[in-house]
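Accompanying notes for the structure given below.
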Amino acid sequence: MSNVYLKAWHGGLGDALQFSTLPEEFSKQQGRRTYILEDAPFRNSGIYDLVWGQNPFVLGKRKGTWNAGDLPEIPYRKDGFLDINGTGNMISNWEKFHGLKPKNKYPKIYYHPEKHDDMRDIFIVDFSSTTVSDDPVKLSEILEILRKEYSDKKFISVEFSDINVKKCFNNDIKFDGYIEVENIFRYCDLISSVYGYVSLHSGGTHLSSALKEYSPNLKSICILSKEWYNEHEVLDNHFLFDNIKYLKY
């Protein structure tokens, strides 16, 4: 069969992760080789390095005809709803839409994180994003509820030294400290080491869903508006995963 030339329409972490199971399934089910298109967009190089560079079923970048990913001709949605009968999960949806037998329901990464035992009593809080905007007052209120519920844990905010992101919080939110994240692999190590992870509905949340393969006891919590949650739920649970706890405001 023909080679697979894969790319996402957008360049975010979640945009890449939604297709992260496809290369392995193309290989196992159809005997096809997968390449990432040379013109595939990435907001930063770490996204490619983690999602595709570590994937043993991806053979690198190459020019070709785009035939996998969120192609315009794939009937993903029509009038805001799925145009074909979906699976109830976006990962297995993409497998089905690409002619594969649905096998997975979580995004997948092949990097095995390095765990640090001294971080087991910590919640990492990531209220940053390049695209998502949330109500900082609501975020503060929900975080305070979590701090009371887990009063024996420290809540540490992350700051990224290698990428530019916007912070979706104000000075009303109090943290117990800060951790600088040098790169996306360090980020994976931190998420896999801590007790819990609190984030917005962005690529980090989807990454935490994948990392639970290596850290099944990780408590991953996503805060988002009811409106945004309901929109994704209508779209056959688009970017919603049952190994994440969603707190809606």
Side-chain angles (χ1 to χ4, degrees), residues 10-18 43-44 46-47 50 107 109 113 116 119-212 215 218-233 238-241 243-249:
H10 299 288
L13 176 58
D15 299 298
L17 285 170
Q18 66 181 321
R43 291 205 182 107
N44 59 75
I47 294 173
L50 175 67
I109 64 168
H116 304 278
M119 302 189 70
R120 289 180 178 176
D121 291 329
I122 289 175
F123 268 93
I124 281 182
V125 182
D126 184 358
F127 283 166
S128 62
S129 174
T130 56
T131 58
V132 175
S133 295
D134 278 279
D135 185 334
V137 175
K138 296 297 183 182
L139 293 179
S140 180
E141 291 173 352
I142 294 176
L143 186 61
E144 282 305 306
I145 292 172
L146 290 173
R147 288 174 67 95
K148 291 177 181 177
E149 182 177 354
Y150 299 97
S151 59
D152 59 332
K153 309 300 180 189
K154 291 184 178 180
F155 286 74
I156 307 296
S157 178
V158 293
E159 295 186 346
F160 299 92
S161 59
D162 63 332
I163 57 174
N164 292 319
V165 292
K166 63 182 179 181
K167 296 180 180 179
C168 300
F169 60 86
N170 54 33
N171 292 332
D172 293 334
I173 296 183
K174 305 300 181 184
F175 300 109
D176 297 310
Y178 297 86
I179 295 178
E180 183 171 313
V181 180
E182 298 87 357
N183 56 63
I184 199 167
F185 297 101
R186 166 68 168 160
Y187 195 41
C188 290
D189 296 343
L190 291 174
I191 295 174
S192 298
S193 299
V194 297
Y195 179 84
Y197 175 76
V198 184
S199 64
L200 310 179
H201 191 246
S202 60
T205 291
H206 317 321
L207 176 60
S208 73
S209 176
L211 286 169
K212 286 176 74 71
S215 300
L218 172 69
K219 186 177 292 295
S220 182
I221 299 171
C222 173
I223 304 174
L224 73 172
S225 69
K226 292 178 182 178
E227 179 182 9
W228 192 235
Y229 180 91
N230 291 340
E231 179 176 335
H232 282 266
E233 189 175 42
H238 185 64
F239 279 117
L240 298 176
F241 305 106
N243 62 353
I244 305 294
K245 182 178 181 179
Y246 296 95
L247 299 181
K248 295 158 280 185
Y249 63 84

Given side chain to side chain contact (heavy atoms under 4.5 Å, CB included), test Glu227 with Asn230 step by step and report yes or no. CA-CA 5 Å; Glu227 179 182 9; Asn230 291 340; 5.9 Å; no

Test side chain to side chain contact (heavy atoms under 4.5 Å, CB included) on Asp135 and Ser225; report intermediate values, then the result. CA-CA 8 Å; Asp135 185 334; Ser225 69; over 6 Å; no

Go through the steps to decide whether Met119 and Ile179 satisfy the test side chain to side chain contact (heavy atoms under 4.5 Å, CB included), and finish with yes or no. CA-CA 11 Å; Met119 302 189 70; Ile179 295 178; 3.6 Å; yes

Given side chain to side chain contact (heavy atoms under 4.5 Å, CB included), test Leu143 with Phe175 step by step and report yes or no. CA-CA 10 Å; Leu143 186 61; Phe175 300 109; 3.8 Å; yes

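Under the 4.5 Å side-chain criterion, counting only non-hydrogen atoms from C-beta, Pro113 is in contact with Leu211. Within the 4.5 Å cutoff, no side-chain heavy atoms of Tyr249 are placed close to those of Glu141. Counting only heavy atoms from C-beta outward, the side chains of Val125 and Leu146 never approach each other to under 4.5 Å. Between Val198 and Ile124, the closest side-chain pair of non-hydrogen atoms is not below 4.5 Å. Taking 4.5 Å as the limit, some side-chain heavy atom of His201 sits within range of a side-chain heavy atom of His206. Inter-residue side-chain proximity for Arg120 and Tyr195 is flagged as unmet; no heavy-atom pair is nearer than 4.5 Å. Using a 4.5 Å cut-off on side-chain heavy atoms (C-beta onward), Phe127 and Ile223 make contact. Residues Ile184 and Leu13 are in side-chain contact: their nearest non-hydrogen atoms beyond the backbone lie under 4.5 Å apart.
Residues Asp176 and Lys153 are not paired through a salt bridge, judged by the lack of any N-O separation under 4.0 Å between the basic side chain and the carboxylate.
Ala210 and Ile109 get closest at one heavy-atom pair: CB-N, 4.2 Å. The two residues Ile47 and Gly12 have their closest heavy-atom pair at CD1-C, 3.7 Å. Closest approach of Ser215 to Ser192, counting heavy atoms only: OG-O, 2.9 Å. Taking each heavy atom of Pro107 and Leu17 in turn, the nearest pair found is CB-O, 3.6 Å.
Among Ser209, Ser208, Ser220, the single residue meeting the side chain to side chain donor-acceptor pair (under 3.5 Å) criterion with Asn243 is Ser209. Checked options Leu224, Asp126, Leu139; the residue passing with Leu200 is Leu139 (criterion: side-chain contact (heavy atoms from CB on, under 4.5 Å)).
Among residues at least two apart or in separate chains, salt bridge (Lys or Arg N to Asp or Glu O under 4.0 Å) pairs with a member in residues 184-209 are Glu182-Arg186.
With ring centers used as reference points, Phe123 lies 6.0 Å or more from Tyr197. A ring-centre distance under 6.0 Å is found for Phe160 and Tyr187.
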